[in-house]
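Have a look at the structure below, then the notes.
Index from 1, following the sequence. Excluded from the calculations below are hydrogen atoms, water molecules and symmetry mates; all remaining heavy atoms, backbone and side chain alike, are included.
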Amino acid sequence: CPFCRMESMLEEQYVKFITGDAMMEPNIRIETNKKGFCHRHFSQMFEKGQKLPNALILESHLQEIIDNDMPKKLKGKPDKKQLEVIKKRLDSCYVCDRIEWDMHHFCDTIFVEWAKGEEFYKLYNEQPFICFKHYDFIMNVATQKSKLPSKLLPQFYAETAGLAKKYLLSLKEDITYFCSMFDYRNHGKDWGSSKDSIERSIEFLTGEKP
């Protein structure tokens with residue numbers, strides 16, 4: 001999926017950046033202190049980055065939480081606004097937000113190229129498939145006001161849905177064949193392309209390799 005490839009590339013770049021050059025950028029540190037990171041990206045930062053940058057990021061992020069999220073006095077009733085702030089922080093991630101912004105920009109580029117005509121149609125249709133997750137993403141963005149001209153939307157929809165559905169049908173066929181191979185009557189037969197159909201199905205449905 002071309003969107004999966006772009007997302008993976010962006011994710012790798014941002015995780016490397018956060019534990020590298022971004023350490024010296026005060027504006028970025030202010031943002032990361034406020035937003036924090038989801039479990040996925042905290043884990044990637046810990047796995048791929050050095051321990052000191054991770055510790056420094058956590059030091060200032062934890063201080064941000066102490067200063068702004070936790071009660072000053074440990075008595076009285078729970079502060080609902082404070083709990084809402086905590087919930088919002090738990091749902092936020094600096095890397096996720098940056099990737100989302102860039103993915104929307106990537107979509108804008110696709111729409112600009114789509115409006116130019118046939119050459120880009122050919123390139124678009126040469127993609128192996130568009131996964132279910134990104135099919136939903138690109139079509140939702142395409143139908144937003146002023147994103148893709150309405151006269152171009154039907155063809156874009158047909159081509160995009162075709163890339164997703166063609167692969168979906170082939171996955172279903174492979175999964176069905178995979179299941180049939182557990183019938184004793186098919187013992188010894190070639191598994192063919194069904195051998196990794198479970199892994200490919202999960203990747204198609206979620207945008208993530210199992």
**Report entry** D67 CG to S60 OG distance, which is reported to the nearest 0.5 Å
**Finding:** 11.0 Å

Query raised in the report: Where do M103 and L10 come nearest, in terms of heavy atoms and distance?
Result: SD-CD1, 4.0 Å

Report task. Locate the shortest heavy-atom distance separating N140 from D136; write the atom from each residue and the value. Result -> ND2-O, 2.8 Å

**Report entry** Presence of salt bridge, R98 and E31, under 4.0 angstrom
**Finding:** no

Report summary line: Rounded to the nearest 0.5 angstrom, the CZ-CG distance for R89 and N33 is 8.5 Å

Query raised in the report: If you round to the nearest 0.5 Å, how far is NZ of K51 from CZ of F46?
Result: 5.5 Å

Query raised in the report: Once the angle between the rings of H61 and F42 is folded into 0 to 90°, is it parallel (under 30°), tilted (30 to 60°) or perpendicular (over 60°)?
Result: tilted

Query raised in the report: Quick one: do K122 and E126 make a salt bridge, cutoff under 4.0 Å?
Result: yes

Report task. Could you state whether V95 and L56 fall into the same hydrophobic cluster, counting links through intermediate Ile, Leu, Val, Met, Phe, Trp or Tyr residues with side-chain heavy atoms under 4.5 angstrom apart? Result -> yes

Report task. Can you label the angle between the F120 ring and the W114 ring as parallel, tilted or perpendicular, going by 30° and 60°? Result -> perpendicular

Query raised in the report: Among the clusters formed by ILVMFWY side chains lying less than 4.5 Å apart, do F37 and I66 turn up in the same one?
Result: no

Report task. Provide the closest heavy-atom pair for T19 versus G49 in the form atom of the first, atom of the second, distance. Result -> OG1-CA, 3.8 Å

Query raised in the report: Step by step, would you call K189 with M181 a side chain to side chain contact (heavy atoms under 4.5 Å, CB included)?
Result: CA-CA 8 Å; K189 283 187 177 180; M181 289 297 290; 3.8 Å; yes

Query - Heavy-atom pair with the smallest gap, counting every atom of D196 and S193 - result: OD1-O, 3.4 Å

Query raised in the report: Hey, is NZ on K16 packed in by over 12 heavy atoms from elsewhere, all under 6.0 Å?
Result: no

Query - F106-L152 co-clustered via ILVMFWY side chain contacts under 4.5 Å - result: yes

**Report entry** Verdict with reasoning, H134 to M6, per side chain to side chain contact (heavy atoms under 4.5 Å, CB included)
**Finding:** CA-CA 11 Å; H134 288 120; M6 174 59 71; over 6 Å; no

Query raised in the report: Are L171 and Y177 connected in the hydrophobic side-chain network, where two residues link if heavy atoms are under 4.5 Å apart?
Result: no

Query raised in the report: If Ile, Leu, Val, Met, Phe, Trp and Tyr residues are connected whenever their side-chain heavy atoms lie under 4.5 Å apart, and connections chain through other members, are M9 and Y14 in the same group?
Result: yes

Query raised in the report: So does Y157 have more than 12 non-hydrogen atoms from other groups sitting under 6.0 Å from OH?
Result: no

Requested in this report: Could you tell me which non-hydrogen atom of L163 sits nearest to which non-hydrogen atom of Q127, and how far apart they are?
Outcome: CD2-O, 3.4 Å

**Report entry** side chain to side chain contact (heavy atoms under 4.5 Å, CB included) assessment of F132 paired with L168
**Finding:** CA-CA 9 Å; F132 204 44; L168 175 61; 5.7 Å; no

Query raised in the report: What is the distance from atom OG of S197 to atom CZ of F204, rounded to the nearest 0.5 Å?
Result: 14.0 Å

Query raised in the report: Around atom CD of Q82, are there more than 12 heavy atoms of other residues, nucleotides or ligands at under 6.0 Å?
Result: yes

**Report entry** Heavy-atom side-chain proximity of V85 to N68 below 4.5 angstrom
**Finding:** no

Report summary line: Note: C38 and C96 closest approach over all heavy atoms is SG-SG, 3.8 Å

Query raised in the report: Could you state the interatomic distance from CG (D102) to CD (E7), rounded to the nearest 0.5 Å?
Result: 10.5 Å

Report task. Specify whether F156 and Y124 have parallel, tilted or perpendicular ring planes, treating 30° as the upper limit for parallel and 60° as the lower limit for perpendicular. Result -> tilted

Query raised in the report: How about Q13: does its CD atom have over 12 heavy atoms from other parts shown lying under 6.0 Å from it?
Result: yes

Query raised in the report: Taking atom NZ of K34 as the centre, does the number of heavy atoms from other residues, nucleotides or ligands within less than 6.0 Å exceed 12?
Result: no

Report task. Return yes if a side-chain donor-acceptor contact under 3.5 Å exists between T176 and K172, otherwise no. Result -> yes

Report task. Please round to the nearest 0.5 Å and tell me the distance separating atom CG of L169 and atom CG of D174. Result -> 11.0 Å

Query raised in the report: Can you check whether Y94 and W101 have ring centres sitting under 6.0 Å from each other?
Result: no

Requested in this report: Check whether more than 12 heavy atoms from other residues, nucleotides or ligands sit under 6.0 Å from atom CD of E59, and answer yes or no.
Outcome: no

Query - More than 12 heavy atoms of other groups within 6.0 Å of Q155 CD - result: yes

Query - ring-ring contact (aromatic ring centres under 6.0 Å, His included), paired with H104, selected from F3, F137, F111 - result: F137

Report task. Dump the intermediate steps for side chain to side chain contact (heavy atoms under 4.5 Å, CB included) on H41 and V15, then the final yes or no. Result -> CA-CA 7 Å; H41 292 129; V15 167; 4.2 Å; yes

Query raised in the report: Are any non-hydrogen side-chain atoms of I18 and I28 less than 4.5 angstrom apart?
Result: yes

Query - Sub-4.5 Å side-chain heavy-atom contact between E113 and L123 - result: no

Query raised in the report: Does the pair R200/E203 count as a salt bridge with the N-to-O cut at 4.0 Å?
Result: no

**Report entry** Pair K87 + D91, salt bridge at N-O below 4.0 Å
**Finding:** yes

Requested in this report: State, with a plain yes or no, whether a side-chain heavy atom of R5 is found less than 4.5 Å away from one of S8.
Outcome: no

